[in-house]
Structure formats: structure tokens, C-alpha cells
There are 2 protein chains.
Amino acid sequence: MVTIGEIARAAGVSISTVSKSLNGYKEISDQTRNRVKKIAEQMGYTPNAAAQSLVLKRANTIGIVYEVESGLKNLFFAAVLESFRKHIQSKGYDILLLSNNTESKLDYLKHSHSKNVDAVLVISTDESYEAVKKLFNSDLAVLSLDPKEAIHNTIYSDSYSAIRKSCNYLYELGHRKIAFINGSYQNFIGLERLRGYLDFMKEKGLEPLYLKNRSNESYTFHEGYQTMKALFEAYGLPDAVCTVSDLMAMGAIQFFNNHGYHVPKDVSIIGFDDLDICEITTPQLTTIRQDYEEIGLRASEALIEMLDKHIRMLEPIVIDTKIVVRDSCLKNTKY
Amino acid sequence: MVTIGEIARAAGVSISTVSKSLNGYKEISDQTRNRVKKIAEQMGYTPNAAAQSLVLKRANTIGIVYEVESGLKNLFFAAVLESFRKHIQSKGYDILLLSNNTESKLDYLKHSHSKNVDAVLVISTDESYEAVKKLFNSDLAVLSLDPKEAIHNTIYSDSYSAIRKSCNYLYELGHRKIAFINGSYQNFIGLERLRGYLDFMKEKGLEPLYLKNRSNESYTFHEGYQTMKALFEAYGLPDAVCTVSDLMAMGAIQFFNNHGYHVPKDVSIIGFDDLDICEITTPQLTTIRQDYEEIGLRASEALIEMLDKHIRMLEPIVIDTKIVVRDSCLKNTKY
DNA sequence: TTGAAAGCGCTAACAA
DNA sequence: TTGTTAGCGCTTTCAA
């Protein structure tokens, strides 16, 4: 590793002149600056991030926190994170994975401070919500993707309208017995989705078919299967099922397959997320698309804005969704 | 952020005594060390990683490099990375995502040096293989998951035997017309899988049904679909299809669905990877399981060993696979 | 326009 | 057993 000291010697100038040249200070003459820059280039100089970080008190690094069990294997998070990474890195920031399942080390704030992390993207929170709260109450720039409450510094898809869109699509296909596979009753997004469903059903004068007492926390295939089973036992065969995740929708489809019903002929099912795998199942899944690319982009912009403008409070950022029609919903011909 | 200087003042000792106490030097008396530790604890001390990194010339950080288009969305990488992260973090290392699509910044080595990264896990390499080669030729501890050549410092599933296992399973079910959906002809793993197939078919005196001139680089659903199409056009309906990825297997299934054939009744298909989604498709996919957990664990152990023992050269680490039987293969009743 | 020097927080060699 | 101090590579204030 070549240092600015060696460049200084090679160029016959002082260390501070090199530093200023490299950092584009205008007080250095063009001639000197260009010469220094060229020499640095030739010598293959790369700044020592630790040294910079030590004096500047920032590391141009964004921390990522997630606590969902599946971790990186969660397709929704992976999609958002991939977009976020692309955009934030193009602005010169690196990404540090902060999550740790290690016993005592659940203190994200300490970890972030220790590593001089500038900002943190909280992808999902579970048990240790306290540790995340400490992040929010700190001096760090923080943004959360999956808030437990509708607080500031959050970014998410407009779930309420999304579910209404979803239900309305089924409604317009002629379905009336529309069951709902719910998500979490413990966090904001999950409750928003429920609210969307209940409001829609009420407005149309339809009876809501859902499970009041079953909160689903992981949005998995298995949860979808079990919830569909319970719904079926409670209400019989619906015309259509509105769900809060693609995997849950696929679980529901599996349930119907196993019980002699055909999707979409006997029952229509709509997902939520638009994961890549929607196209590889049979039937291909009609679903609500979350705009991962946009979420990642806006998250990166928001964090950078907070950093640049030294603000720490941000209104919630709400991203629009759209319906993606594939093969899992059909016109109702029963009535 | 409290510093060791403040602790020193609070404890009435010198800075170096604090440093040595905190780092467990035995030359400090138990009494002093414990007192210092307790005070540090009370004051909420966390070491400044940048300062440590600057003097120690390492950052307890492992860099991750990947260049595959899908990035984190690649289910295989996500699974390995999640396991790797878990294990490496339990040893006190952090993970820094080094990949960048930014124009000039493809120099992983410089980036690693700049960030004082101790070791690098190369998850996949594409175009910029040169940049990766520079990593291998550097002083860093490097391990690659998806080597282009069978070189040192690599870790991968035993693909040759895996495919033989796979073919043999189909063979023992009575299938003889066994087609092969190949992967890359440009890298080691892909060629190993082909070799496994060809050797097996030769030993059994069967005609290999595969595409000599079609190298598949991305192992996607779409590639699987297209390859199956070409195979079908070249050889007609096979008894069974051996594939090199679950997604390709699903692409093949889709192809058969679209052309009026039923999997597994008309044709058996076996995947490779054992992604989570194998269980959510219909039929559930019989496949070869790559032991992600083990790969991540062994990768972390290998890297740490290289760091601790100051070695940089490691024999290839080969991980065993096993077959996971689900519903996509059936006994052949044709003959 | 350039340079000298202090200092960021820490480790470790050396001195006491 | 503890303390003093140099120095890691860099930025930035202040002086020249």
C-alpha cells in the first residue's frame, strides 16, 4: 500500500499538499495538483480507509440490519438489498452486514459506532426490537423497510391500496366469496394489509372471510398452507383468495392441489410481492408487484440525503404497487 | 464514543494499561485488569475499529465478491452466504460487500486493501475474471466458491459424483433415455458435471443425449426451458432428464407442461441444488442437495485458518452431496 | 500557494 | 506490573 507520504516524496512536495491535491482543494495550483494526481495514479495509490475514517469519523459505509430467520434467503429482502447495494455503491458507499446471531452482540448501535458506520438500513426486525429502537434514537441516519409502527424514517409499499387493488381485481372477475390470508397482526404493514381487506369487503357489503386470531409472522409457504387449511375448515371453498405474500399464495395453491381443487379453475388466488419465482410455478402467479428497484433506489437516496443535509428525521416514504396478471386468477362463472 | 483515554482517567491508570487490560495481556495484574474491564463496561466502551484497523493493519472484516447478474437474488449464493455469515460473525468478523457495478471501480484488490479487508470470499466470477485473479495473486486470504479452473483455494460440491448419483438414480428407476441439461462449458464445475454425465452414460453403454455446443452460463429457469426445447427437438421425448440446477429443472418441467407431457408420469426430472423452492412447486422436485450449511461453515473455517496460520494456499475443499427424493421422478414402466 | 504540525484512537516496544 | 511514547495514514488548522 502506497501512502501519501511516499507520493509526497516522489513529487517533492509536502504531505498536506498531496492530501489537498487528491481531495481537490482549490487552493492548490492546477499544475501541482495535476502533477500530484498523476503520480498518485502511477503509483497505484488507494487511500487507507481506516486512517480516513479515524480522522473524518465516518467510513462511507452503510450498515445492514436484519433479523428475519431466513436472512438473505428471504427473496423480498434479497431483491431490495440488491437494488439498494447497486445504488448506494455507485455513490461510493460500502455495505457492511451488521446482523449477528451471536449471543451478547445484539447491540447494533455499538457495533455501528465501532465501525464508524454512517447510516443503517434496517431490513426487518423481530424479537430484538429494542436493539433497533436504540438505533432509531441515536445520531445515526436510519431507515427501516418493515416498520413495526408507522413511524418516521421508514420506506414501504403502499400496502393498504395494494390489497384493495388486489381484492378489487378479484371482485371485478366476479368473485364474491373472497378469503384473506393475512400476515402479521403485530406490525404496521401486516395491519395495513388487513385494513385494506376489511375496508374493501365492507364497502362492497361482502362478508370478510379471514382468521381474526391467527397472526402470521413469517409469510412462508408453510404459513400460507396452514392458514388456507384453517380458512377452508372455517368457511368452506371460497371463490378467490387474496394473500399477503407470494409464498403464502403458493402454499394455498398446494393446499388446494392436495384437496382435489384446481387453481385457477375452482378458485382464484392472488399473491403479493412478485418474486422471481412467480413465473416458474404452475400456474404462474397473478400478484401485486412491489417495486424492489424503486424501493432500493429511494432508500439509498433517502439515506444519502439524510447524511448530506444532516437531518435524521424523514417522513415515511411510500412506494406504489401494481398488479401483475398471470394465470392464477380466472373469471368467476358460478353466479 | 468513549475512548480508552477516558477509561484511563476514570480508572486512574495509563492508556496502555487500559489497552492491555482490555486485550487480556497477562502482564497486567488481575486486580487492575478486572477493575479496568468493569469500568470500561460501565462506561459503555466500544473500541474504535478504524483506530485498531490503522495500527493492526487488519479490520476483522471479510470481503464478499460476486459478479453474477442476479446478485444476492441468486438462491444458491444467498444460502451459502447466509451460512457463511453466521459462522464467520460468530468468530468476530464482519462482512463487507465488495461487489460493485461502478465503471472504473472493478479493482477488488485495491478496494480490499483500502478497507483493510483480511480475507475475501469470491462467490462467483464472470467477465472481470482478471480482477479476481489479482485477488488470488495478492497477499490476501482468498477462497472461491465457483472456480473457473480447478485451482487451489476453492470450495465446491463434488459435482462429478453428484451427477453420477443423479444419473444412477434415474437409471435404477429404469430410465435409459436420459437427457442432460448442461451448465457452463467455460468453468470447472460445469465441466465436471458434464464429465459425470458422459462417464456414466458411457459406462452403462447408453447414448448421451445432450447439447455439445450450447454452454449455459446462468443456470436459470429460462435457460432450462430453452435447453429442454432444443433437446426435445434433437432427440424427441426422453425417459428422464438430469439437470445441473433446480431452476433449469423447473424450466424443463414447464416446457413439458406446455407441450402436453406430464412430469413425472411421462418423463422424470431431477434437479440440482435443493433450493427452498423445490418444495413449493408441483411436482415437488427430486434433486441433488448441495450442503449450503456445510459449505458456509467450511468456507469460514478455511478462511480463518488461513488467517491464523498465515497460509495463503489451500487444497480444494470438496463437499459431499446427497440425493433428496421428492415427486418429480417415477419408475419407468415403458420397457 | 505550500508546508509544518497536531491529533483522530489505538497498540506495542521499551523504559521504569 | 505499570507508564511513556512513537507511530499507524490521514485531514486540517495555522503559519510561512
Side-chain angles (χ1 to χ4, degrees), chain A residues 1-37 39-40 43-61 92 94 110-118 139, chain B residues 1-37 39-40 43-61 92 94 110-118 139:
Chain A
M1 285 281 289
V2 17
T3 68
I4 55 170
E6 300 172 39
I7 297 173
R9 213 174 314 130
V13 294
S14 75
I15 284 185
S16 59
T17 299
V18 173
S19 174
K20 286 169 187 165
S21 298
L22 262 23
N23 291 311
Y25 278 51
K26 58 236 164 186
E27 62 198 46
I28 303 294
S29 72
D30 287 359
Q31 201 197 359
T32 311
R33 184 175 5 166
N34 291 331
R35 199 164 56 84
V36 168
K37 276 184 159 176
I39 293 177
M43 297 176 75
Y45 171 75
T46 326
N48 182 320
Q52 283 184 320
S53 170
L54 186 58
V55 36
L56 296 175
K57 294 181 178 330
R58 52 190 194 79
N60 287 321
T61 299
D94 274 319
K110 270 195 173 186
H111 198 168
S112 301
H113 275 152
S114 169
K115 291 283 183 169
N116 268 328
V117 152
D118 306 295
D139 52 329
Chain B
M1 284 282 287
V2 16
T3 70
I4 54 171
E6 300 173 40
I7 297 172
R9 214 174 313 130
V13 296
S14 77
I15 282 186
S16 60
T17 299
V18 174
S19 173
K20 286 169 187 164
S21 299
L22 262 23
N23 291 313
Y25 277 50
K26 58 234 164 188
E27 62 197 47
I28 303 293
S29 70
D30 286 0
Q31 200 197 2
T32 311
R33 185 174 1 159
N34 291 331
R35 199 164 57 84
V36 168
K37 275 184 160 177
I39 293 177
M43 297 177 74
Y45 171 75
T46 325
N48 182 320
Q52 284 184 321
S53 170
L54 186 58
V55 38
L56 296 177
K57 294 181 178 329
R58 54 191 192 78
N60 288 321
T61 298
D94 274 318
K110 271 194 173 187
H111 198 168
S112 301
H113 274 153
S114 167
K115 290 282 182 169
N116 268 328
V117 152
D118 306 295
D139 53 329

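- A sub-4.0 Å separation between OP1 or OP2 of dG3(C) and a side-chain N or O of Y25(A) is absent.
- Look at CZ on R35(A): it is 15 Å from P on dT1(C), rounded to the nearest Å.
- The phosphate of dG9(C) has neither OP1 nor OP2 within less than 4.0 Å of any side-chain N or O from Q52(B).
- The stretch residues 8-22 of chain A touches DNA chain C through V13(A), S14(A), S16(A), T17(A), K20(A), each having a heavy atom under 4.0 angstrom from the strand.
- Distance CZ (R58(B)) to C1' (dG9(D)): 18 Å, rounded to an integer number of Å.
- Note: NZ (K26(A)) to P (dT12(D)) measures 12 Å, nearest angstrom.
- Map V55(B) and T32(B) each onto its nearest nucleotide of DNA chain D; the residue landing nearer the 5' end is T32(B).
- Summarising the geometry, the separation between CG on L54(A) and C1' on dC8(C) is reported as 4 Å, rounded to the nearest angstrom.
- No donor-acceptor pair closer than 3.5 Å links the side chain of S114(B) to the backbone N or O of K110(B).
- Atom CG of N23(A) and atom P of dT13(D) are 13 Å apart (whole Å).
- Atoms CD1 (I4(B)) and P (dG3(D)) sit 13 Å apart, rounded to a whole Å.
- Within a 6.0 Å sphere centred on CD of Q31(B), other residues, nucleotides and ligands contribute 12 heavy atoms or fewer.
- The residue among E27(B) and L56(B) whose nearest nucleotide of DNA chain C is located toward the 5' end is L56(B).
- The residue among T3(A) and S29(B) whose nearest nucleotide of DNA chain D lies closer to the 5′ end is S29(B).
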